[in-house]
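Atom set for the values below is all heavy atoms of this structure, side chains included, hydrogens, waters and symmetry mates excluded. The chains referred to below are lettered A, B, ... by the order of the sequence lines, with proteins before strands, and numbering in each begins at 1. In this text, all values refer to a predicted model and were calculated from it rather than measured experimentally.
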Amino acid sequence: MNVVVVESPAKAKTINKYLGSDYTVLASYGHVRDLPSKNGSVNPDEDFAMIWDMDTKSRQRVNDIAKALKGADKLILATDPDREGEAISWHVLDILREKGALKDKDVARVVFNAITKSAVTEAMENARDLDEDLVEAYLARRALDYLVGFTLSPVLWRKLPGSRSAGRVQSVALRLVCDRELEIEAFKSQEYWTIEADLRTAEDKAFRARLNAVDGKKLGKFDVPAEQDAKTIESAMKEGRYAVESVEAKPAKRNPAAPFTTSTLQQEASRKLGFSSARTMQIAQKLYEGINLDGETTGLITYMRTDGVQIANEAIAEARNVIQDDFGEPYVPGTPRVYKTKAKNAQEAHEAIRPTSLARRPKEVSRVLDDEQFKLYDLIWKRTLASQMESADFERTTVDVVTEGTDSKRFTLRATGQVVVFDGFLKLYQEGRDDDGDEEDGRRLPKMSKGETVGLVKLEPLQHFTEPPPRFTEATLIKRMEELGIGRPSTYTAILTTLRNREYVRMDKKRLIPEDKGRLVTAFLESFFERYVQYDFTANLEEQLDRISAGDLDWKKVLREFWHDFNGAVGETADLRITEVLDALNELLGPHVFPQNEDGSDPRACPNCDDGQLSLKVGKFGAFVGCSNYPECRFTRQFTQDNGEDAG
DNA sequence: CAGTGAGCGAGCTTCCGCTTGACTT
């Protein structure tokens, strides 16, 4: 008898089925130990000694493993093939040794690259020892996160009343939201015009073109800045004869998107189904754990917390069969598609999120799913199948039409069109778009040939204004965090919950809006702990962790160097008076707290007395704006001025 | 859900990442 330890109970069940009755497969349910949430769990003065603690549930689970080991010959640690998985194996092993549950037992570490019978069997034949270097990389990561969070948070409590917490991940996520808000506030909308023309071909077919060049020189976005300029061009163009100068058709190809990871599933479920990331994960968990299908609990999708985009060969083969059956030969590509992850810091311990069997078509399982489960399963099924389908072929056409104006200028108008020659994967699935994607020109242009005269139906100058960047949604923030390597699939939604619970951000119409509290915390960290909220801090840390994993760098050395600089920065804030903190925040948040008055008058002038200057203050209820002539002048106002923008 | 401003000291909060139930309504 052998005892196998994996992380998740659903996985334990599946693997037990593949391994048979000679094996007992038990789940650790994630990390079995952690640093207690109190001071002193990591001690930099004692060479970063760490104290570990087990909760009652974990203790029970480890007892179950120890009990199973009693009559067994071998312990097989089969936690996930990444840094955290290696750490879980190490924790389990360490505890079992302490309990004396391992005498005379063989111990082996095994990693599954996919949860299929062949992958599991093959992995069992390639056991290895625990990777101590990888465990040390984990220890460095864990200690650093604890030290940053449990040192920085108290600094905030003392220096910035009302603030709650800071950390390597949450503070950078918050910074993204706050920096975006500053961009929006600093944004000045700019006017520009385009000249559009409705035209007709010799065969009396309508199409629309836009002024693109004057005297052969391409128009820039702001080359027609005002109505007067547009009108001048319009009247010059109005009387001319219009002729086709060139017709150019080019083939284009579009490939399907990669199968879902946690991050892309959350984005797409938000765009297409309107689910919050928490909702998406709850539903996906249910599909993963299994649905009662004809009296048997069957997992419908693979593991949902993953950053991998590759899928098992068995699944690819099945996808190609389903494509062949449902869509026909032309939709099956010559060779299977292979996807590689682009995400920074990806660990790829799991496959992409896919149906456990592509032959289980959505409509066949719909009777056992509720509405939301069905929608999510349908989305995952389509995305996965489409990822193995043939590319779509287009023909993109560009037509230039020329006319000579009454001012002797030569005006070039351009029309573009796109025709689907072969729909490929688009027959099944097309990825949704975020806020500001370029508009896709799906129109078909009528037949035209070079030299042909076309008739002008209408000239239309159109006014436009540039738009500020949009606020983040949950999904777009998670996308950005993933690009920066901040947070992990298992923590994305937890981070958003933390930012809300701390009252650092609020949600309005699915957009993240920073609260004053959050902006103050960010401004404080940018002023005094700049290095630790830089967008690439985590990426640089990960590089060092990689070197620890490779055995090229000592983990304690990394911690010592980090602590030396970090503790120094903390020390520099020790004597900081609140007034000095406020001076720094006044500087950074000035444009937000004191926006330019429209009449050009001083935005910091006190409206209540002659020579008072307004500035930031903190009281026991948070930040507010007060007058420098206090207590003679008792003027105060709220930190944020309501622009009435929330009404729209 | 109104009122706030310094600084002291009591006593409270706090990190990230891995995994699910066992509580309530």
Side-chain angles (χ1 to χ4, degrees), chain A residues 5-12 27-39 41-42 55-58 60-61 79-80 82-92 138-159 161-173 281-282 285-286 288-289 303-306 347 349-350 486-495 498 501-502 521 532 538 541 576-582 614-639:
Chain A
V5 176
V6 298
E7 293 179 36
S8 132
K11 196 166 161 180
S28 76
Y29 291 77
H31 275 296
V32 288
R33 289 196 301 199
D34 199 9
L35 302 170
S37 289
K38 57 185 186 200
N39 289 324
S41 296
V42 177
D55 61 23
T56 44
K57 269 187 214 137
S58 297
Q60 187 55 50
R61 274 156 196 156
T79 51
D80 294 348
D82 59 11
R83 192 165 66 215
E84 299 296 322
E86 203 72 13
I88 291 171
S89 282
W90 173 77
H91 279 302
V92 169
Y138 155 79
L139 292 171
R141 196 279 302 161
R142 186 67 193 87
L144 185 141
D145 280 338
Y146 172 89
L147 289 171
V148 170
F150 276 66
T151 310
L152 218 42
S153 297
V155 170
L156 279 174
W157 303 336
R158 287 195 298 270
K159 304 296 174 189
S163 54
R164 303 277 306 281
S165 64
R168 171 178 62 87
V169 170
Q170 63 168 272
S171 296
V172 179
M281 294 311 282
Q282 276 166 15
Q285 175 89 29
K286 197 79 194 145
Y288 165 71
E289 285 172 2
Y303 195 58
M304 63 278 143
R305 289 185 280 268
T306 176
Q347 308 256 331
H350 305 278
I486 295 163
R488 304 276 314 132
S490 64
T491 61
Y492 292 137
T493 49
I495 294 157
T498 299
N501 286 346
R502 303 278 175 269
V521 166
Y532 305 95
T538 289
L541 172 66
L576 214 55
R577 289 162 175 279
I578 289 186
T579 45
E580 293 172 284
V581 172
L582 289 175
L614 299 179
S615 68
L616 263 184
K617 308 281 177 194
V618 272
K620 38 184 188 244
F621 308 112
F624 67 98
V625 171
C627 176
S628 54
N629 282 342
Y630 177 82
E632 284 77 36
C633 173
R634 306 191 67 94
F635 175 81
T636 62
R637 71 161 161 83
Q638 299 282 56
F639 182 3

Worksheet item: Just checking A/Tyr492: base, sugar-phosphate only, or nothing, at a heavy-atom cut-off of under 4.0 Å?
Response: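 The residue A/Tyr492 makes no contact with any strand.
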Discussion item. Working note: A/Thr636 + A/Tyr630, criterion side-chain contact (heavy atoms from CB on, under 4.5 Å); need CA distance, chi angles, decisive distance, verdict.
Written reply: CA-CA 10 Å; A/Thr636 62; A/Tyr630 177 82; over 6 Å; no
Restricting both atoms to N or O, compile the protein contacts to nucleotides 23-25 of chain B shorter than 3.5 Å, with distance only.
none

Practice prompt. Looking only at non-hydrogen atoms, find the nearest pair between A/His350 and A/Asp80 and report the distance.
Written response: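 Shortest heavy-atom separation between A/His350 and A/Asp80 comes out as NE2-OD2, 3.0 Å.
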Item to complete: Whole angstrom is fine here: how far is it from CD in A/Gln60 over to C1' in B/dA22?
Response: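 So the CD-C1' distance, A/Gln60 to B/dA22, works out to 15 Å.
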Item to complete: Could you please spell out the steps behind the side-chain contact (heavy atoms from CB on, under 4.5 Å) verdict for A/Ile578 and A/Val618?
Response: CA-CA 8 Å; A/Ile578 289 186; A/Val618 272; 3.6 Å; yes
Worksheet item: Between the side chains of A/Ser58 and A/Asp55, is a donor N or O closer than 3.5 angstrom to an acceptor N or O?
Response: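 The criterion, which ignores hydrogens and geometry beyond distance, is satisfied for A/Asp55 and A/Ser58.
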Worksheet item: When you check every protein heavy atom under 4.0 Å of nucleotides 11-19 of chain B, what one-letter string (B, S, -) results, 5' to 3'?
Response: --BBBBBBB
Discussion item. I'd like to compare against my own output: the B/S/- annotation of nucleotides 5-10 of chain B with a strict under-4.0 Å heavy-atom distance to protein.
Written reply: B-S---
Pair up each side-chain donor or acceptor in residues 144-155 of chain A with any protein partner under 3.5 Å, not counting sequence neighbours, and list the distances.
from     : atom 1 : to       : atom 2 : distance (Å)
A/Asp145 : OD1    : A/Arg168 : NE     : 2.5
A/Asp145 : OD1    : A/Arg168 : NH2    : 3.3
A/Asp145 : OD2    : A/Arg141 : NH1    : 2.9
A/Asp145 : OD2    : A/Arg168 : NH2    : 2.9
A/Tyr146 : OH     : A/Lys38  : O      : 2.5
A/Tyr146 : OH     : A/Gly40  : N      : 3.2
A/Tyr146 : OH     : A/Ser41  : N      : 3.1
A/Thr151 : OG1    : A/Leu147 : O      : 2.5
A/Ser153 : OG     : A/Gly149 : O      : 2.8
A/Ser153 : OG     : A/Ala166 : N      : 3.1

With [X], which residues qualify under side chain to side chain contact (heavy atoms under 4.5 Å, CB included), at least two apart?
| X | result |
| --- | --- |
| A/Leu139 | A/Met50, A/Trp52, A/Trp90, A/Val135, A/Trp555 |
| A/Arg305 | A/Thr262, A/Met281, A/Gln285, A/Tyr303, A/Pro489, A/Ser490 |
| A/Gln282 | A/Arg279 |

Worksheet item: For A/Arg83, what residues pass the side-chain hydrogen bond (donor to acceptor under 3.5 Å, both in side chains) criterion, not counting sequence neighbours?
Response: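 For A/Arg83 the side-chain hydrogen bond (donor to acceptor under 3.5 Å, both in side chains) partners, ignoring immediate neighbours, are A/Glu542.
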Worksheet item: Partners of A/Ser165 by side-chain hydrogen bond (donor to acceptor under 3.5 Å, both in side chains), sequence neighbours excluded?
Response: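 In terms of side-chain hydrogen bond (donor to acceptor under 3.5 Å, both in side chains), with neighbours along the sequence ignored, A/Ser165 is linked to A/Gln170, A/Arg502.
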Worksheet item: A/Arg61 and A/Val5: side-chain contact (heavy atoms from CB on, under 4.5 Å), yes or no, with the steps?
Response: CA-CA 11 Å; A/Arg61 274 156 196 156; A/Val5 176; over 6 Å; no
Discussion item. Dot-bracket, 5' to 3', for DNA chain B please: Watson-Crick or G-U pairs under 3.5 Å, [ ] where pairs cross earlier ones, | where the partner sits on another strand, dots elsewhere.
Written reply: .........................
Discussion item. Taking salt bridge (Lys or Arg N to Asp or Glu O under 4.0 Å) as the cut-off, I'd like each qualifying pair that reaches into residues 625-634 of chain A, sequence neighbours left out, listed once.
Written reply: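 As it turns out, there is no salt bridge (Lys or Arg N to Asp or Glu O under 4.0 Å) pair with a partner in residues 625-634 of chain A once direct neighbours are skipped.
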Worksheet item: Who are the ring pair (Phe, Tyr, Trp, His ring centres under 6.0 Å) partners of A/Tyr138, not counting sequence neighbours?
Response: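 Testing A/Tyr138 for ring pair (Phe, Tyr, Trp, His ring centres under 6.0 Å), a comparison that skips the adjacent residues, returns A/His31, A/His91.
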